[in-house]
Amino acid sequence: MNRLIVISNRVSTPKPRSANGSQGGLSVALSAALREYRGLWFGWSGEKTDEFTGQINLHREDGVTTATIDLEEQDVDEYYNGYANRTLWPLFHYRIDLAEYDRSFGSGYERVNERFAETVTPLIEPDDLVWVHDYHLIPLGQQLRQRGLKNRIGFFLHIPWPPQKLVVSLPFHQRLVRSMLAYDLIGFQTEEWLDSFHHYIERELGGTVEPDGTIQVGDRRVKTAAFPIGIDVAEFENVLELEDAKHAFQTLQRSAEGKKVIIGVDRLDYSKGLEERFLGYRRFLEENEEWRGRVSFLQIAPPSREEVHTYEAIRERLDELSGRVNGEFAHVDWVPIRYVNQGYPREGLSGFYRASDVGLVTPLRDGMNLVAKEYVAAQDPADPGVLILSRFAGAAHQLSDALLINPYSKDEISDAIRSALEMPRAERIRRWESLIEPVRKDDVLAWRHAFVAALAGETVELPQPTEAVVV
Ligand code: ADQ
């Protein structure tokens, strides 16, 4: 069997399986794949060094080998904080207003991709399958080819692929997209992002798209498909049984004192629609006086990418907004919003999800959104909570029985909160049963099996969206 080489910006070191770990689902899934295929996971260590040396730190834990490199400060500024997170991330989330174009970002991005290629190439054997992840490493495949690699190389984009009209605002967009033709397989989260990519290929590069998703540009043929990522449901259900999960469940229930609980869990990021969510909740309190004092909204949002200014700014606005809503509506014995800026281990989160009557997941744009799936997986089948989900999350293509809303509309958020809080148990069960089905079926193991099989050239049946969502 071929080995699998996974390459991503960051590498998460696997925890021993015996430890009651709080490792993320993606990391669990990739570690399992690497164990099965005897592979290697390569990426940045997260550490900075004065001068790039290309020295590889090899680590072996529980059957998985990781290989990491340190980057220079300038690399981190230009490649990670710069091109990846100040140019591509906003643009690919349709925030052209926030995208920054700076020549040094582009050159830093290319330099780091070259450094990745240069360092990982000697570790790759002729029959290895190579799987590159996400927007940090779009041109890596081409860099690997330039170093003589003939292996099958696949790329998976975790975030949306925006419409052609937005992509063309990126300086040198053709150069970036043409570099992707070096891959054998390109995967997206949903048919919608796949369609946008096809559109770009036809319009901008004069390529063709065949019915099976193969694109042809000049003499390059590349297979493309949607592979919706899922969560590790089995692992998630085990986590729910742990003492820490039960403790978190009780803590939240006790603290809400018989009130209905609404939960939001996100990295603090402008793409997650947190400001709009707070404003939608405020509208709900304005319009539904009878619910004041009877509902508690817990928003967990640990800061991320703090070195990027936009993230500081959104944090300030949310502090201000949550304070304003609390000032307007709170009583001595009731606080409408509990806004917590810290992350929680998976055990804690799963208990919080289960203790919540409503999961409020309202990104303005999201490749998939795993929180929505985690919320569904954590529910009690006999008395499940209700998921309110943005139409603009990739997950909406599969979870069409959630209450789907436009996250920009305060009115839609407000109405959905009211419907969710008042929904009869029979309807909650009916909707949950329809939601849990794709969450179970298209879980993270199915996702990586489908991608790796397609990369290896096997025929695979890809999951279909439950219903076309018009967005
Ligand atoms: P993210 O933008 O990080 O991921 P998401 O998929 O919602 O978004 O979350 C990833 C994980 O982070 C989840 O497992 C969640 O539990 C965890 N997480 C989020 N907030 C947390 C908190 N406050 N405390 C602790 N853990 C928290 C990117 C794309 C998504 C895509 C994923 C996977 O932006 O669209 O679904 O990759 O492909």
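Residue numbers count from 1 along this sequence. Indexing begins at 1, ligand by ligand and atom by atom, following the structure's order. Quantities reported herein were computed from a predicted structural model and do not represent experimental measurements.
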Counting the benzene-type ring for Trp, do Phe278 and Tyr339 have ring centres under 6.0 Å apart?
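Yes, the ring centres sit under 6.0 Å apart.
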
As a check for students: among [options], identify the option with a heavy atom nearest to [atom].
atom: atom 22 (C) of ligand 1; options: Ala372, Ser304, Pro302; answer: Pro302
atom: atom 21 (C) of ligand 1; options: Val265, Val371, Asn341; answer: Val265
atom: atom 26 (N) of ligand 1; options: Leu349, Asp232, Asn369, Val340; answer: Leu349
atom: atom 1 (P) of ligand 1; options: Lys272, His93, His133; answer: Lys272
atom: atom 7 (O) of ligand 1; options: Leu370, Asp134, Leu268, Ile159; answer: Leu370

What atoms in ligand 1 come closer than 4.0 Å to a heavy atom of [X]?
X: Asp266; result: 20 (N), 23 (N)
X: Ile300; result: 23 (N)
X: Gly367; result: 35 (O)
X: Gly343; result: 24 (N)
X: Gln189; result: 31 (C), 38 (O)
X: Tyr344; result: 24 (N), 25 (C)

Between Arg267 and ligand 1, does any nitrogen or oxygen pair lie at a separation below 3.5 Å?
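Between Arg267 and ligand 1 (N or O atoms, distance only) the closest approach is under 3.5 Å.
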
Is there a nitrogen or oxygen of Ala301 sitting under 3.5 Å from a nitrogen or oxygen of ligand 1?
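Between Ala301 and ligand 1 (N or O atoms, distance only) the closest approach is not under 3.5 Å.
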
Do Pro438 and Leu399 have side chains that approach each other closer than 4.5 Å (heavy atoms only, starting at C-beta)?
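Yes, at least one pair of side-chain atoms sits under 4.5 Å.
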
Under 3.5 Å side-chain donor-acceptor pair for Asp269 and Trp89
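Yes.
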
Salt bridge (Lys or Arg N to Asp or Glu O under 4.0 Å): pairs with one or both residues in residues 84-96, sequence neighbours excluded:
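Salt bridge (Lys or Arg N to Asp or Glu O under 4.0 Å) check on residues 84-96 returns Arg86-Glu100, Arg95-Asp97.
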
Short question: side chain of [X], backbone of [Y] - any donor-acceptor pair under 3.5 Å?
X: Arg35; Y: Asp62; result: yes
X: Gln164; Y: His198; result: no
X: Gln299; Y: Gly264; result: yes

Between Trp89 and ligand 1, find which residue part has any heavy-atom pair under 4.0 Å and reply side chain, backbone, both or neither.
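The answer is the side chain of Trp89.
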
Test salt bridge (Lys or Arg N to Asp or Glu O under 4.0 Å) on Arg428 and Asp383; report intermediate values, then the result.
CA-CA 8 Å; Arg428 284 191 277 119; Asp383 190 14; 2.6 Å; yes

With salt bridge (Lys or Arg N to Asp or Glu O under 4.0 Å) as the criterion, how do Lys373 and Asp443 come out once you've worked through the C-alpha distance, each side chain's angles and the decisive distance to 0.1 Å?
CA-CA 9 Å; Lys373 296 185 174 184; Asp443 70 352; over 6 Å; no

